[in-house]
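Residue numbers start from 1 in every chain, and the chains themselves are labelled A, B, ... in the order their sequence lines are given, proteins ahead of strands. Please read all numbers here as calculations on a predicted model, not as lab measurements. For the numbers below, each heavy atom of this structure counts, side chains included, while hydrogens, waters and symmetry mates do not.
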Amino acid sequence: MYMEESQSRDFIRQVIDEDNKTGKYDGRVHTRFPPEPNGYLHIGSAKAIWVNYGIAHEYGGKFNLRFDDTNPIAEEKEFIDAIVEDVKWLGADFEDRLLYSSDYFQQMYDYAIDLIKKGKAYVCDLSAEEMKEYRGDYTTPGRNSPSRERPVEESLDLFVRMKTGEFPDGSKTLRAKIDMAHPNMNMRDPPMYRILHATHPHTGDEWCIYPIYDWAHGLEDSIEGITHSLCSIEFENHRLLYDWFLDELDIYHPQQIEFARMNVSFTVMSKRYLKELVEGDHVNGWDDPRMPTIAGMRRRGYTPTSIREFCNRAGIAKKPNTIAFELLEACVRDDLNKIAPRFMGVLDPLKVVITNFPEGDSEVLEAINNPEDPDAGTRTIPFTRELFIERTDFMEEPFKKFYRLAPGREVRFRYAYFVTCNEVIKDDNGEVVELRCTIDPATKGGDSPDGRKVKGTIHWVSADHAVDAEVMLYDRLFTVEDPMGHPDKPFTEFLNPDSLKALGHCKVEPAIADLPKGAGFQFERTGYFNIDKDSAPDKLVLNRTVPLRDSWARIQKGR
RNA sequence: AGUCCCGUGGUGUAGCGGUUAUCAUGCUUGCCUUUGGAGCAAGCGACAGCGGUUCAAAUCCGCUCGGGACUACCA
């Protein structure tokens, strides 16, 4: 099955096209995403998921989710559950193929026995430290282990006893017998099994020897019938070993293809550093909305569509890359613009009294829910004598390009009336505390029958009806594009002190209170928001996903 | 230092011997507008360098320079 040939093809798709042409895998395409359950997935993982799933889906193939759970020391059930949730949420459909490497432990063990019998693997008595020393380095060849010429029968016996738990952790390993002088360090008799008396999150205490990645990974791919094993570039040097094991075993041989992992500017992308942020209390957990984790982005209000689109636009190549954070923002805005219902919300309220509107009266106005989507319909919003507008929408002494409210000036209150500011009331400190305004009753709905134009339109809420909300404003987590690019300083030094700003007394349309947790919407003229998971009916908490594209900020800057 | 990989606008990407060098993002300007949103239009901005092959090179070859990965019983 071929996709539109006109579409540009990344190098991986080109390889698959070629394989399909030659019939290498009988036209099958089967990929996998193999996370280790030792942390939460991040946007970089999302890229890997989307490349693997996207390709399988495109070619009418299959996609497996497989936990690469070969190291019980680092892995936890919490992470397994979180990863499954994230992958599903992203929309990468693995059907019934939620798999575990640990389910193949017996088969891998049998393969290891095979290899020992073939004289291609041996049990080694060297300690970790000794092994390192024997390995040599980039320029000097390694030395053979004293165990290297151990008879096959002896290795076989020792390996079985390793499995039955006879030996303490670290006392022995099973190693492939390749070449201690190989220029590729991975080929210098790499260990295949280590002894680890640890409880495994999936297999419990069944095993006390665990396979090492290089040995396990190709086997997992082979067992599952994977065709194209897509991984990141740091495994390039491991491909030789991947191929070696499969060839020596003479079993089904998938093809490993490497592509560059994705970085995003103004954040960090490795599980290790994300863990440091969580454990060092620099953020409030793995799902902190400032985190580049999928859980964090979901909580912040990013949609699966926007993340997928981001991955698509980022592309696939082998060059180290850093994608602009702005692209991520552009992608969410694109999606949310189409689907997010509009509301009005005032972040920094300034009271407005409409002096020609009767006290105690209220009126119902109609507003469009989403100008991009006619099917979204309309809603009603209450208008009363006392309103709140955004403090930044009023200026006592406006400069030339300020189109909003000012003394004596008329603007439109969205979906309501043309409103003129007649009087500015200040407190003892000279701070503006209230505006006295009048409406033109003929402009109800926002249009003037006489064709009179008004420069600005501002949002507002009825003071009597508005609901209080706490609004979380997020900014980039770091102040520099590449927090890791400064080897002399820890990346935490570049944490942005203003990455979270909580606004306490925002006034929002009452309808917001009825929205379910996680629901995303737009506050007109302000940005996209959603209902936080910690929100409650009597204490609304909103997250700002991303501000609207702000050409106003540029005008202000150019003043 | 050795092995392997990679260099196209600020960023990311297309290109597969002949193109005004693609698209997106970004930035600039204009139009439009009941969101200073969205939309529309125009513009800015790149083949790392040097040699070679060829009628013709971003594309093929060589060298130089630059970037990345690798010395875990992690993945």
Side-chain angles (χ1 to χ4, degrees), chain A residues 8-10 14 34-36 38 68-71 73-75 124 126-129 131-132 135-142 169-175 182-188 190-196 209-210 212-214 216-217 231-240 258 260 262 265 271 312-331 333-334 337-338 342 344 367-368 371-372 401-404 412-416 418 443 445-447 454-459 481 522-527 547-556:
Chain A
S8 85
R9 322 240 75 198
D10 54 74
Q14 287 178 26
E36 182 186 17
N38 66 346
D68 215 339
D69 55 349
T70 56
N71 182 10
I73 308 274
E75 298 155 9
C124 178
L126 253 29
S127 69
E129 218 167 88
M131 199 185 291
K132 182 183 167 70
R135 187 162 32 231
D137 60 30
Y138 293 136
T139 47
T140 63
D169 288 4
S171 59
K172 290 186 187 333
T173 55
L174 181 71
R175 290 227 257 168
H182 200 105
N184 183 332
M185 302 289 288
N186 297 125
M187 301 298 275
R188 322 250 260 224
M192 296 159 60
Y193 276 94
R194 76 280 211 183
I195 301 170
L196 232 43
I209 54 171
Y210 288 92
I212 284 159
Y213 174 88
D214 283 315
H217 204 82
C231 61
S232 51
I233 217 87
E234 67 260 38
F235 294 106
E236 211 151 28
N237 292 332
H238 295 246
R239 191 177 55 234
L240 202 53
E258 312 84 17
M262 177 178 72
S265 61
K271 276 191 255 183
N312 288 151
R313 291 197 209 176
I316 304 170
K318 301 185 88 163
K319 172 174 72 161
N321 62 81
T322 302
I323 316 286
F325 186 79
E326 290 87 338
L327 185 63
L328 193 49
E329 294 189 319
C331 290
R333 289 194 188 106
D334 262 18
N337 176 45
K338 287 183 220 128
R342 271 61 167 172
M344 292 200 279
I368 293 166
E372 303 295 315
K401 284 190 170 171
F402 188 84
Y403 299 154
R404 290 114 90 153
R412 174 167 38 236
F413 277 30
R414 176 141 240 229
Y415 297 127
F418 281 15
T443 59
D447 282 310
V454 96
K455 269 279 205 188
T457 299
I458 66 174
H459 60 274
E481 268 189 48
Q522 184 194 98
F523 275 145
E524 297 217 23
R525 303 207 308 134
T526 305
L548 252 27
R549 227 175 125 257
D550 191 5
S551 45
W552 167 244
R554 277 196 289 276
I555 293 169
Q556 264 181 317

Check: Which part of the nucleic acid does A:Asn184 contact within heavy-atom distance under 4.0 Å: base, sugar-phosphate only, or nothing?
Finding: nothing
Check: Atom OH of A:Tyr210 and atom C1' of B:A72: how far apart are they, to the nearest Å?
Finding: 18 Å
Notebook entry, point to check: How is A:Arg188 classified with respect to the nucleic acid when contacts are heavy atoms under 4.0 Å: base, sugar-phosphate, or nothing?
Noted result: nothing
Note to self: Check this for me: does any side-chain nitrogen of one of A:Glu36 and A:Lys271 sit under 4.0 Å from a carboxylate oxygen of the other?
What the structure shows: no
Next item on the list: Identify whether a stacking contact exists between A:Tyr213 and B:C74, where the ring centres must be under 5.5 Å apart and the planes under 30° apart.
Entry: no
Next item on the list: For B:C44 versus B:A24, give the span between their C1' atoms, rounded off to a whole number of Å.
Entry: 16 Å
Next item on the list: Remember a base hit wins even if backbone is also touched, and classify A:Ala317 as base, sugar-phosphate or nothing at under 4.0 Å, heavy atoms.
Entry: sugar-phosphate
Next item on the list: Determine the interatomic distance between P on B:C63 and the same-named atom on B:C6; round to the nearest Å.
Entry: 15 Å
Check: At under 4.0 Å, does any side-chain N or O of A:Gln14 touch on OP1 or OP2 of B:G15?
Finding: yes
Margin query: So A:Leu126, base contact, sugar-phosphate only, or nothing? Heavy-atom distance under 4.0 Å.
Written below: base
Next item on the list: Would you classify A:Arg342 as touching base, sugar-phosphate or nothing, given that sugar-phosphate means primed atoms plus P, OP1 and OP2, and contacts are heavy atoms under 4.0 Å?
Entry: base
Notebook entry, point to check: Given pairs defined as Watson-Crick or G-U wobble with both distances under 3.5 Å, what dot-bracket annotation applies to RNA chain B, with ( ) intrastrand, [ ] crossing, | other strand and . unpaired?
Noted result: .((((((..(((.....[....)))((((((.......))))))...(((((..]....))))))))))).....
Check: Using atom C1' of each nucleotide, how far apart are B:G37 and B:C31 to the nearest Å?
Finding: 16 Å
